[in-house]
Peer 1: 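Before I ask anything, here is the structure I am working with.
We count residues from 1, following the sequence as given.
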Amino acid sequence: MEWWFPWISVNVLPRSFDRAAETYDRVGVDLFQPIAARLLEGLEPKVGERVLDIGCGRGAVLVPLAAAVGRTGRATGLDLAPQMVAAAADEAARAGLDVDVVAR
């Protein structure tokens, strides 16, 4: 099923984020890390929990969530843009964390 807004289609949105994936959240104002920290503070994830990050991007929330739930938990990220999913997987691997990331 395709959804549509007057200015963008479901096919354009993932491509736009794919093009930006390499530098997304790496340039400009430090926005994503403080937001991620506040989200984690509010969620209070526990070791062993299963968590889902919808719209995970490069993993600003997914990676610390995975660290919080530990090896007995499970962290899954979902994003429309395959390049963002690849970047999130890379970020998690660099942090020594095992996550599932899916492009949909």
Peer 1: Residues in salt bridge (charged side-chain N to carboxylate O under 4.0 Å, His left out) with D90, at least two apart?
Peer 2: none
Peer 1: Of the non-hydrogen atoms in A87 and R58, which two are nearest, and what is the gap between them?
Peer 2: CB-NH1, 3.4 Å
Peer 1: Could you tell me which non-hydrogen atom of G59 sits nearest to which non-hydrogen atom of P64, and how far apart they are?
Peer 2: O-CD, 3.7 Å
Peer 1: Between E91 and R94, does a salt bridge (Lys or Arg N to Asp or Glu O under 4.0 Å) hold up when you go through it step by step?
Peer 2: CA-CA 5 Å; E91 293 290 331; R94 272 193 286 282; 2.9 Å; yes
Peer 1: Run the side chain to side chain contact (heavy atoms under 4.5 Å, CB included) check on V47 and T72 step by step: do they pass?
Peer 2: CA-CA 7 Å; V47 171; T72 60; 3.4 Å; yes
Peer 1: Check for a donor-acceptor pair, side chain of D79 on one end and backbone N or O of G57 on the other, with a separation under 3.5 Å.
Peer 2: yes
Peer 1: Can you hop from V63 to I35 via hydrophobic side chains spaced under 4.5 Å?
Peer 2: no
Peer 1: Tell me, with the steps shown, if R74 and D100 meet salt bridge (Lys or Arg N to Asp or Glu O under 4.0 Å).
Peer 2: CA-CA 8 Å; R74 195 81 209 142; D100 296 316; 2.9 Å; yes
Peer 1: So how far is it from L65 CG to C56 SG, rounded to the nearest 0.5 Å?
Peer 2: 10.5 Å
Peer 1: Could you see if V61 belongs to whatever hydrophobic cluster contains V69? Use Ile, Leu, Val, Met, Phe, Trp, Tyr and a side-chain cutoff under 4.5 Å.
Peer 2: yes
Peer 1: Do L40 and I54 sit in the same hydrophobic cluster, where Ile, Leu, Val, Met, Phe, Trp and Tyr count as joined when their side-chain heavy atoms come under 4.5 Å apart?
Peer 2: no
Peer 1: Which other residues end up in the same hydrophobic cluster as V101, if Ile, Leu, Val, Met, Phe, Trp and Tyr are linked when side-chain heavy atoms come under 4.5 Å apart?
Peer 2: L62, V85, V99
